[in-house]
Amino acid sequence: MKVDNEKKPVLGIDLGTTYSAISRWTEKGPKVYQNPRREYSWASVVYFDDRQEKPLVGNLALKRAIIDPENAVIGVKRMMDDANQTIRLGNKEFSPIEISSLILRDVYEYAEKTTPGFDPAGVVVTVPYYFTAVQNSNTADAAKMAGLNVLGIIQEPVAAALAYGVHEEENLSDEIIMVFDLGGGTFDLTIFRFTNNQDKITFEVLATGGDDRLGGLDFDKKLSELIEKKANLNLDGQSEVDLLKAKSALMEAAKEAKEILSFEDSTEVIKPNILPGQHIEIEIEREEFEACIDHYFVKMDTIMDNVIEKACLSRSDINRVIKVGGSSRIPKIDELLSQKVGGNKTFGNIDPDLCVAQGASIYAAFLDERIDWAKEIEIKTATAHALGVGLADGRVSVLIPANRQTPCKETRTFTTDTDNCEELDIDLYQGASKFIKNNKKIGTIHVPGLVKRPAGELDIKITFQISQQQSVSVTVIQEESHIRKVETVKLT
Ligand code: ADP
Ligand code: MG
C-alpha cells in the first residue's frame with residue numbers, strides 16, 4: 001500500500017458546470033486546495049479577447065464574461081457531447097475539450113503552486129451520472145490535454161457518497177440513498193441502493209432525474225429582478241453599455257445577497273452608482289427571496305416525486321439524503337427534504353460544493369492503492385439503448401438490451417453466410433428496433449484474413465463489453481484464423 005505524500009499526491013477534481021474544485025487525499029481525509037484569494041472553488045469560465053496573450057480562466061473570467069459575454073464561455077460542460085463544436089472567443093477558435101482542459105489546468109495549477117516539487121500520481125475527474133460514454137471520454141481527454149495523468153472518472157453522486165464515508169460505515173450494509181444536487185446551473189437527483197458485502201461495495205442506480213436549467217444562476221436572476229424593482233431604478237434613456245454593466249452588477253449583488261440569506265434572516269444590498277447617479281440601498285428578507293424562487297421549489301418537489309416513483313419506492317424507503325451543490329445551502333431545502341422523506345435523514349455537514357471533489361480524491365486513492373480496502377467498488381448503471389450486430393437478413397441481433405445493468409459483458413457466436421468468405425464487415429447498431437434500417441449504425445469492424453470454409457462453418461465470437469465508465473468495446477474472435485480484434489465504440 002502506498003502512503004499519503006504531499007508532493008506526490010492523488011487528486012480529485014470536480015469539473016462543475018458553474019464552479020470547479022480540487023482536492024487531495026490524505027490519510028486524515030480529503031483536503032481541498034484554496035486559490036490565492038482563499039476561495040475553495042472557482043468559476044468554470046474561460047474568457048479570451050484579442051487584447052490578451054492567453055485565455056483568462058476562473059473568477060476573473062466570470063467578471064469579464066458579464067461585461068463582454070461574446071468572448072466568454074460559461075457552462076462548457078453542457079457542450080461535452082460534441083467535441084467538434086467550435087467556440088469562438090476573440091480571434092481564436094476552441095473546442096469544448098480545449099475549454100475544459102483550460103479550466104482543469106487552471107484549477108490544477110493552484111494546487112501545484114501550494115507545494116514545491118509537486119508531482120501528482122494522478123487525478124480522478126467527476127462527471128454527472130447521466131453523461132454518456134462520449135461525454136465521459138471527452139472529459140477524460142480534456143484532463144489528458146491539461147497534462148494530467150487520469151486515473152479514472154467517477155459519477156458525481158457516487159463521489160459525494162464516498163465523501164460521506166458510506167464505504168467505511170460498519171453498520172451500513174444495505175441502504176437507499178438519495179443524492180440531492182442543486183448547483184449553479186443544474187438540479188440532479190439520483191437514487192441508488194448501496195450495498196456493502198465482504199468483497200465489494202456496490203452503488204446501484206435505481207432512478208435519476210432533474211432539470212438542467214434549474215440552479216443558483218436562476219435564483220440570482222429572480223433575486224436581481226426583485227432588487228431592481230425594490231430599488232426603483234430608472235432604466236429609461238440609459239446607454240446600452242450602462243444597462244449591461246448595471247445588469248451584471250445586479251446579478252453580482254443578487255448572488256452575494258442570496259448566499260448571505262442562507263445564514264441571515266435579512267441583508268442590506270448597497271451598490272453606489274449602479275447607473276449614473278442612481279444607487280441601490282435596500283434591505284432584502286430571506287422570506288422575500290424564498291417567495292421569488294418558490295416556483296422552483298414546486299418543480300423540485302415534483303421531480304423528487306417522479307424519481308421516487310420511477311425507482312419503484314415510496315418516500316419512506318429513502319434511508320438517507322445527501323445534499324450536494326452550493327445552492328443546497330438554502331435553508332428552505334431542508335424543509336423541502338424533511339417534508340418529502342422525513343426528518344433526520346439529511347446529511348449536509350460536508351461543504352456541499354466541495355464534497356464531490358473530496359469524494360473524487362478518495363476514489364483516486366482507491367485506484368492508486370493508497371487505501372487498503374481489499375474491496376472492489378462497483379457502480380452499476382443502466383444502458384440507455386440496445387446494442388447489437390447487423391445480420392445479412394436486415395435484422396439486428398441484440399447482445400445488450402436497453403436498461404441492462406452495467407458494467408456488463410455479453411458474447412454470442414455468429415457464423416459466415418457465404419462459402420470461402422475471406423473477409424467480413426461487422427456492422428454495430430444501437431436502437432430499439434429489430435431491423436437495421438430503423439436503428440443507428442455506430443461502427444463497423446473490418447475483419448480480413450479469414451481461413452476459407454464453407455458457409456456456416458466458421459465460428460465468429462463477438463463480445464460486447466460496457467465498462468463502469470460507460471465505454472463500449474467490441475471484441476471479435478475467430479480462432480482458426482488467429483484473429484482477435486478489439487475496438488472501442490463511441491455512443492452518442
Ligand atoms: P456546480 O453546479 O457548478 O457544481 P456548485 O455546486 O459549486 O456548482 O454551486 C454553485 C452555486 O451555489 C452558485 O450558484 C452559488 O451562488 C451557490 N451557492 C454557494 N453558496 C451558497 C449559499 N450560501 N446559499 C445559496 N447558494 C449558494
Ligand atoms: Mg456540481
Side-chain angles (χ1 to χ4, degrees), residues 12-23 32 35 39-46 57-59 61-62 65-66 73-80 100 103-104 107 125-131 139 153-161 163 179-190 210-224 250-267 284 286 289-290 292-293 296-297 300 322-334 336 348-360:
I13 301 181
D14 170 9
L15 181 62
T17 310
T18 57
Y19 285 86
S20 296
I22 179 165
S23 167
V32 183
N35 66 23
E39 295 152 332
Y40 288 104
S41 65
W42 47 98
S44 307
V45 180
V46 174
V57 185
N59 299 339
L62 176 62
I66 299 170
V73 47
I74 304 181
V76 69
K77 194 167 172 176
R78 294 195 168 123
M79 302 171 82
M80 293 305 273
S100 299
I103 298 167
L104 287 164
V107 169
V125 182
T126 63
V127 288
Y129 166 73
Y130 53 81
F131 258 26
T139 305
I153 54 173
I154 189 169
Q155 281 88 357
E156 287 155 14
V158 176
V179 177
F180 179 99
D181 183 349
L182 185 61
T186 64
F187 170 51
D188 299 312
L189 198 70
T190 315
D211 188 331
D212 66 356
R213 293 285 186 277
L214 198 174
L217 287 174
D218 303 289
F219 306 158
D220 297 346
K221 181 109 203 310
K222 286 282 161 214
L223 186 56
S224 77
L250 268 169
M251 281 293 274
E252 228 176 15
K255 179 172 185 284
E256 222 175 273
K258 170 192 79 175
E259 293 181 2
I260 294 170
L261 288 172
S262 290
F263 305 98
E264 309 276 350
D265 292 334
S266 71
T267 184
I284 299 267
R286 183 191 285 174
F289 165 57
E290 287 176 351
C292 75
I293 60 165
Y296 289 118
F297 277 81
M300 287 188 271
I322 294 177
K323 282 199 298 180
V324 181
S327 303
S328 74
R329 287 206 181 90
I330 295 172
K332 207 176 167 192
I333 299 286
D334 287 332
L336 180 73
N349 52 314
I350 300 181
D351 275 322
D353 33 13
L354 307 179
C355 69
V356 168
Q358 295 182 6

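Whatever order the structure lists ligands and atoms in, that order sets their numbers, starting from 1. Since this is a predicted model, take the numbers as computed values, not measurements. This chain uses plain numbering: 1 for the first residue, then up along the sequence.
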Student: Taking only heavy atoms of I330, which atoms of ligand 1 are found under 4.0 Å from at least one of them?
Tutor: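 So the answer, numbered in order with elements, is 25 (C).
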
Student: Looking at P352, is its backbone amide N or carbonyl O close enough to the side chain of K323 to form a donor-acceptor pair, meaning the two atoms are under 3.5 Å apart?
Tutor: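 Between the backbone of P352 and the side chain of K323 there is no qualifying donor-acceptor contact (under 3.5 Å).
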
Student: Does ligand 1 have a heavy atom under 4.0 Å from the side chain of S327, from its backbone, from both, or from neither?
Tutor: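 It is both backbone and side chain that touch ligand 1.
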
Student: Please name the pair of heavy atoms, one in G185 and one in T18, separated by the smallest distance, quoted to 0.1 Å.
Tutor: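 Shortest heavy-atom contact: N-CG2, 3.8 Å.
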
Student: When you measure from atom 20 (N) of ligand 1 to each heavy atom in R329, K258, E256, which option holds the nearest one?
Tutor: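 Result: the heavy atom closest to atom 20 (N) of ligand 1 is in R329.
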
Student: Do any N or O atoms from the side chain of R286 and from the backbone of P331 form a donor-acceptor pair under 3.5 angstrom?
Tutor: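 A pair under 3.5 Å: no.
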
Student: Could you tell me, atom by atom, which parts of ligand 1 come under 4.0 Å of a heavy atom of D353?
Tutor: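 So the answer, numbered in order with elements, is 6 (O), 7 (O).
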
Student: Starting from atom 5 (P) of ligand 1, what is the nearest protein heavy atom, named by residue and atom, and what distance separates them?
Tutor: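 Protein heavy atom at minimum distance: G326 N, 3.6 Å.
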
Student: Can you name the atoms of ligand 1, numbered from 1 with element, that are less than 4.0 Å from a heavy atom of S262?
Tutor: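 Counting from 1, the qualifying ligand atoms are 22 (C), 23 (N), 24 (N), 25 (C).
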
Student: So does A21 get a backbone contact from the side chain of S41, meaning a donor-acceptor N/O pair under 3.5 Å?
Tutor: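 No, S41 side chain to A21 backbone: no donor-acceptor pair under 3.5 Å.
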
Student: Parallel, tilted or perpendicular: which fits the ring planes of F297 and F219, with parallel below 30° and perpendicular above 60°?
Tutor: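 Rings of F297 and F219: parallel, under 30°.
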
Student: Nearest to atom 8 (O) of ligand 1, what protein heavy atom do you find, and at what distance?
Tutor: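 Checked against all protein heavy atoms, atom 8 (O) of ligand 1 sits closest to T18 OG1, 3.3 Å.
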
Student: Under a 4.0 angstrom heavy-atom cut-off, which atoms of ligand 1 come close to G325?
Tutor: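 Listed by number with element: 6 (O).
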
Student: Taking only heavy atoms of T17 into account, list the atoms of ligand 1 that are under 4.0 Å away from them.
Tutor: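 The list of qualifying atoms is 3 (O).
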
Student: Select one of side chain, backbone, both or neither to describe which atoms of E259 lie under 4.0 Å from any atom of ligand 1, heavy atoms only.
Tutor: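 Both backbone and side chain of E259 come within 4.0 Å of ligand 1.
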
Student: Does S266 use its side chain to pair, donor to acceptor, with the backbone of I284 at less than 3.5 Å?
Tutor: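 Looks like no, no N/O pair under 3.5 Å.
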
Student: Measure the shortest side-chain to side-chain distance between L104 and I13 over non-hydrogen atoms and say whether it is less than 4.5 angstrom.
Tutor: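 Yes. Closest side-chain heavy atoms under 4.5 Å.
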
Student: Report yes or no: does D211 contribute a side-chain atom to a donor-acceptor pair with the main-chain N or O of R213 at less than 3.5 Å?
Tutor: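 Present.
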
Student: Could you tell me, atom by atom, which parts of ligand 1 come under 4.0 Å of a heavy atom of G184?
Tutor: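 That gives atoms 1 (P), 2 (O), 8 (O), 9 (O), 10 (C), 11 (C), 14 (O) of ligand 1.
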
Student: Spell out, as yes or no, whether a donor-acceptor pair under 3.5 Å connects the side chain of N59 to the backbone of A43.
Tutor: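 Present.
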
Student: Is ligand 1 under 4.0 Å from a heavy atom in the side chain of F219, in the backbone, in both, or in neither?
Tutor: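 Within the 4.0 Å criterion, F219 makes no contact with ligand 1.
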
Student: For ligand 1, which atoms have a heavy atom of G216 less than 4.0 angstrom away?
Tutor: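 In order of numbering, the contacting atoms are 14 (O).
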
